[in-house]
2 protein chains.
Amino acid sequence: MSADHLFAALASPARRELLRMLRDEGAQPAGRLAERFDMSRPSVSEHLKVLKDAGLVAETRKGRERHYRLEAAPLMELRDWLTPYERFWRERLTALDALLDDMEDQDAR
Amino acid sequence: MSADHLFAALASPARRELLRMLRDEGAQPAGRLAERFDMSRPSVSEHLKVLKDAGLVAETRKGRERHYRLEAAPLMELRDWLTPYERFWRERLTALDALLDDMEDQDAR
DNA sequence: TTGATGCGTAGGATAATTCCTACGTATAGT
DNA sequence: ACTATACGTAGGAATTATCCTACGCATCAA
């Protein structure tokens, strides 16, 4: 629920890259993620922990492996957070449209 | 353009609150924003600077005042960043639907 | 021109983040 | 039982973030 954790988790490029990998390549064990990362395996583990605390990732243990999978629900909260700004954005656009219309009126004279 | 600056700017609750104020109350001078903030005025100034560097805010100088206004365009980039995750989210939902359908089939027997 | 107002910048203390290596724990295979 | 594998955690160094007070620079008002 805490938006703070969510935004903080997304602030790191490394964590966003992890999310992207899980999104495009599906659930994976931590080690496989770390292999293609320019970062030590333990550091990747910590990033995964941050993502887990933010609810962006969930783990299922399979033997000694831990598969991580993307949990997109918090990102939909982010979309909700964004909504009132979209409205603002559109207002700005329509204001711009109005301005352009005025300029056309000027030209028409 | 750099998504890093954008995400980093949004990581701070104080900065998100500033954005909300500008969104809900319109453009304002820095001092008026700081008045209702549990934070020193110079600190608010720095937060505004971070927001400006991220393109989320623009200033227009009016005499000795500086009016800050929200620039929502970068947030629309954020929405674009979000899009491929929405697809993932829907896939999960349809997978859940399929599962529920299966369970109904089971019950129907 | 003088004094007050609106804001930003400088410098610094403290806390948080980010990365590492070393180590511990649990499972799998032999 | 013993070794190798897949991880996480501990502890610490280096960087960055976050806040403050003190100060400087314009602008306005008289």
Side-chain angles (χ1 to χ4, degrees), chain A residues 2-22 25-71 74 78, chain B residues 2-22 25-71 74 78:
Chain A
S2 156
D4 286 11
H5 284 3
L6 176 60
F7 280 102
L10 293 176
S12 153
R15 288 193 288 269
R16 290 200 305 279
E17 175 64 13
L18 285 172
L19 289 180
R20 192 200 58 74
M21 287 168 107
L22 291 176
E25 308 167 7
Q28 299 176 52
R32 184 133 58 96
L33 289 165
E35 275 173 4
R36 283 161 299 153
F37 237 80
D38 187 22
M39 190 179 293
S40 76
R41 192 187 46 70
S43 295
V44 172
S45 266
E46 285 213 30
H47 281 305
L48 287 170
K49 184 183 179 182
V50 173
L51 290 171
K52 207 177 80 175
D53 290 345
L56 286 164
V57 138
E59 66 173 318
T60 53
R61 306 195 178 191
K62 295 202 170 187
R64 61 188 158 180
E65 292 185 345
R66 303 191 184 189
H67 280 72
Y68 285 90
R69 69 169 183 279
L70 177 64
E71 286 289 329
L78 179 58
Chain B
S2 153
D4 286 11
H5 285 2
L6 175 60
F7 279 102
L10 294 175
S12 154
R15 287 192 289 267
R16 292 199 304 277
E17 175 65 13
L18 285 171
L19 289 180
R20 192 201 58 76
M21 288 168 107
L22 291 176
E25 308 166 6
Q28 300 177 52
R32 183 133 59 93
L33 288 165
E35 274 173 5
R36 285 161 298 151
F37 237 79
D38 186 22
M39 190 180 290
S40 77
R41 192 186 47 67
S43 295
V44 172
S45 266
E46 285 214 31
H47 281 304
L48 286 170
K49 184 183 179 183
V50 173
L51 289 171
K52 206 177 80 176
D53 290 346
L56 285 164
V57 138
E59 66 173 318
T60 53
R61 306 196 177 192
K62 294 202 168 183
R64 60 186 157 181
E65 294 185 346
R66 300 190 184 189
H67 281 70
Y68 284 90
R69 69 170 184 280
L70 177 64
E71 286 289 331
L78 178 58

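Computed from a prediction, not measured in an experiment: that's the story for all the values here. Atoms considered below: every heavy atom in the structure, side chains included; atoms not considered: hydrogens, waters and symmetry mates. Reminder, nothing fancy here: chain letters follow the sequence lines and each chain counts from 1.
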Please list, chain by chain and in numerical order, all residues satisfying side-chain hydrogen bond (donor to acceptor under 3.5 Å, both in side chains) with [X], sequence neighbours excluded.
| X | answer |
| --- | --- |
| E25(B) | Q28(B), R36(B) |
| R66(B) | none |
| R20(B) | E17(B), D24(B) |

Do you know the tightest heavy-atom contact between [X] and [Y]?
| X | Y | value |
| --- | --- | --- |
| R16(A) | D4(B) | NH2-OD1, 2.6 Å |
| H47(B) | A14(B) | NE2-CB, 3.9 Å |
| R69(B) | A27(B) | CB-CB, 3.7 Å |

Subject >> Contacting residues from residues 13-22 of chain A, given that a heavy atom lies under 4.0 angstrom of DNA chain C >> reply: R15(A)
I'd like a table of atom pairs between the protein and nucleotides 23-30 of chain D - only N or O on both sides, under 3.5 Å - with the distance next to each one.
residue: dT27(D); atom: O2; partner: R64(B); partner atom: NH1; Å: 3.4

**OP:** Rounding to 10 degrees, work out the angle separating the end axes of the helix from dT1(C)-dA30(D) to dT30(C)-dA1(D) (five pairs an end).
**Re:** 20°
Subject >> H5(A), NE2: over 12 other non-hydrogen atoms inside 6.0 angstrom >> reply: no
Can you check the [X] [atom1] to [N] [atom2] distance for me, whole Å?
| X | N | atom1 | atom2 | value |
| --- | --- | --- | --- | --- |
| F7(B) | dA17(D) | CZ | C1' | 19 Å |
| E35(A) | dA6(D) | CD | P | 9 Å |
| H47(A) | dT9(D) | NE2 | C1' | 15 Å |
| L51(B) | dT18(D) | CG | C1' | 14 Å |
| E46(B) | dA17(D) | CD | P | 11 Å |

Subject >> Test item: R32(A) side-chain N/O and H67(A) main-chain N/O as donor-acceptor pair under 3.5 Å >> reply: no
Original post:
Base, sugar-phosphate, or nothing: which does F37(A) touch, judged by heavy atoms less than 4.0 Å apart?
Top reply: nothing
Original post:
In terms of the nearest nucleotide of DNA chain C, which residue is placed more toward the 5' end: S12(A) or L48(B)?
Top reply: L48(B)
Original post:
Toward the 5' end of DNA chain C, which comes first, K49(B) or S43(A), by nearest nucleotide?
Top reply: K49(B)
**OP:** Tell me, please, which residues at least two apart from A11(A) pass side-chain contact (heavy atoms from CB on, under 4.5 Å).
**Re:** A11(B)
Original post:
Would you say L10(A) and L10(B) make side-chain contact, with heavy atoms under 4.5 Å?
Top reply: no
Original post:
Considering only heavy atoms, which members of residues 25-34 of chain B lie under 4.0 Å from some atom of DNA chain D?
Top reply: none
Please tabulate, for the side chains in residues 37-45 of chain A, all donor-acceptor contacts under 3.5 angstrom to protein atoms that are two or more places apart in sequence or on a different chain.
residue: S40(A); atom: OG; partner: S43(A); partner atom: N; Å: 3.4
residue: S40(A); atom: OG; partner: S43(A); partner atom: OG; Å: 3.0

Subject >> With sequence neighbours excluded, residues passing ring pair (Phe, Tyr, Trp, His ring centres under 6.0 Å) with Y68(B) >> reply: none
Per-pair distances, 0.1 Å, donor-acceptor, side chain in residues 50-63 of chain B, under 3.5 Å, sequence neighbours excluded:
residue: K52(B); atom: NZ; partner: E59(B); partner atom: OE2; Å: 2.7

Original post:
What are the 5'-most and 3'-most nucleotides of DNA chain C lying under 4.0 Å from any heavy atom of chain A?
Top reply: dT18(C) to dA28(C)
